[in-house]
Amino acid sequence: MTRILCFLNFKGGTGKTTTVVNLGMGLAMRGHRVLAIDLDAQGSVASWLGANYEHTTAELLLEGASWFDCITRARTRLDIIAADRRLTEAEQKLIMKQEGPDVLRRRLAGIEEAGYEFILLDCPPSVNLLSECALHFAREVCIPVSMEYLAVVSARLVVIEIIRARRLSPGHPVRLAMVIPTFFDRRYSKSHEIVAMLQQHFPGIVTEPIRASARLSEAPSHHLTIFEYDPTGPGSIDYARLVERVLEHA
Ligand SMILES: Nc1ncnc2c1ncn2[C@@H]1O[C@H](COP(=O)(O)OP(=O)(O)OP(=O)(O)O)[C@@H](O)[C@H]1O
Ligand SMILES: [Mg+2]
């Protein structure tokens, strides 16, 4: 069965895209077939990976192209469905057509037969139809939380949205699977305080932190994942550890 994970925090810049790209690559390097779907009009997934694409999430949602036609190969075993600015307009059209938050799930009907072991959804930093769509398609919700109090507050809002999605889609088994501390810097007491706060709010599901590292922030401009750009550095070590965590908690 395909595992479908979404990466969501309504606060911006908490490491959602960084986690989708590098976790996706890490899983692909371990031999798993992965599809990363970009649900953010910033389109960072394709630009990070330097992927050339034709069709995007916008056409997928508006039925301009099938899911099969929207898929672009980014790396060995790592495919993507890219997004770009057209997604903003597509979202408006979906709202005008009164499409519900199950629209992504409907457009991706049959994708489980494509043989992906993991589908990773990169969400926008807002409560909108696209993030709702992610919650109505994903089964596992992962919340990257940067070392800021407001990112913790937004993480708790995600929990409320998960509850809402379960109520609107009875039988859809979406659950909070992981809370991932990001931008962790052990030199600062704030990092330790935030992780302690997360462990208190989300017992048992807080992963080992992803450390703040300059290499991780440089990697997108080189269109390389951290495993390609700095294979032995802290970013690779931390994301490889997250890969193991995901594989262990099937
Ligand atoms: N652990 C880290 N250490 C240093 N820089 C990082 C780390 N994680 C992410 N970054 C950098 O921080 C910026 C924000 O990260 P990213 O784009 O992954 O966040 P996001 O949650 O997807 O943002 P948005 O809400 O805008 O979609 C990026 O430039 C990224 O390269
Ligand atoms: Mg992002």
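Whatever order the structure lists ligands and atoms in, that order sets their numbers, starting from 1.
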Colleague: Any idea how Y229 and H222 line up, ring-wise: parallel (<30°), tilted (30 to 60°), or perpendicular (>60°)?
Modeller: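 Y229 vs H222 ring planes: parallel.
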Colleague: T88 and E91: side-chain donor and acceptor closer than 3.5 Å?
Modeller: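 There is no such pair (donor and acceptor under 3.5 Å, judged by atom type) between the side chains of T88 and E91.
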Colleague: Mark up the atoms of ligand 1 that fall under 4.0 Å of a heavy atom belonging to P220, in ascending order.
Modeller: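 Counting atoms of ligand 1 from 1, those under 4.0 Å from P220 are 31 (O).
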Colleague: Please list, in number order, the atoms of ligand 1 under 4.0 Å from a heavy atom of R211.
Modeller: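 Counting atoms of ligand 1 from 1, those under 4.0 Å from R211 are 1 (N), 2 (C), 3 (N).
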Colleague: Can you say whether the rings of H172 and H136 are parallel (under 30°), tilted (30 to 60°) or perpendicular (over 60°)?
Modeller: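 Correct class here is parallel.
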Colleague: One thing to verify: whether R106 and E99 come together as a salt bridge, which I'm taking to mean a side-chain N less than 4.0 angstrom from a carboxylate O.
Modeller: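 Salt bridge: yes.
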Colleague: With atoms numbered from 1 as shown, which atoms in ligand 1 lie under 4.0 angstrom from a non-hydrogen atom of T14?
Modeller: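 The list of qualifying atoms is 19 (O), 20 (P), 21 (O).
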Colleague: Between R164 and E161, does any NZ, NE, NH1 or NH2 come within less than 4.0 Å of an OD or OE carboxylate oxygen?
Modeller: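 Salt bridge flag = yes for R164 with E161.
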Colleague: With the Mg ion (ligand 2) as the centre, enumerate protein N/O/S atoms below 2.8 Å in chain and residue order.
Modeller: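 Within the sphere that stays under 2.8 Å of the Mg ion (ligand 2), the protein atoms of type N, O or S are T17 OG1.
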Colleague: Who pairs with R211 by salt bridge (charged side-chain N to carboxylate O under 4.0 Å, His left out), at least two apart in sequence or on another chain?
Modeller: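 By the salt bridge (charged side-chain N to carboxylate O under 4.0 Å, His left out) rule, R211 matches D238.
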Colleague: Taking 4.0 Å as the limit for heavy-atom contacts, which would you say applies to Q42 with ligand 1: side chain only, backbone only, both, or neither?
Modeller: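 Looking at Q42 and ligand 1, just side chain atoms fall under 4.0 Å.
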Colleague: Heavy-atom distance to atom 31 (O) of ligand 1: which of S146, S217, P209, G12 wins?
Modeller: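 Closest candidate by heavy-atom distance is S217.
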Colleague: Return yes if a side-chain donor-acceptor contact under 3.5 Å exists between D122 and T17, otherwise no.
Modeller: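 Result is yes, a qualifying pair exists.
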Colleague: Establish, from distance only, whether the side-chain atoms of T19 and Y239 form a donor-acceptor pair under 3.5 Å.
Modeller: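 Yes, Y239 and T19 have a side-chain donor paired with an acceptor closer than 3.5 Å.
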Colleague: Given the side-chain rings of Y116 and H32, with only the six-membered ring counted for Trp, is the space between their centroids under 6.0 Å?
Modeller: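 Between H32 and Y116, which both carry aromatic rings, the centre distance is not below 6.0 Å.
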Colleague: Decide whether an N or O pair under 3.5 Å exists between S213 and ligand 1.
Modeller: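 Yes, S213 has an N/O under 3.5 Å of an N/O on ligand 1.
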Colleague: Nearest heavy atom to atom 30 (C) of ligand 1: which of D38, V20, T18 does it belong to?
Modeller: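 Looking at heavy atoms only, the winner is T18.
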Colleague: Could you tell me whether C123 and ligand 1 have an N or O pair separated by under 3.5 Å?
Modeller: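 The answer is no, given that C123 and ligand 1 share no N or O pair closer than 3.5 Å.
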Colleague: State, without any angle test, whether S146 and E148 hold a side-chain donor-acceptor pair at a distance under 3.5 Å.
Modeller: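 Indeed, the side chains of S146 and E148 share at least one donor-acceptor pair under 3.5 Å.
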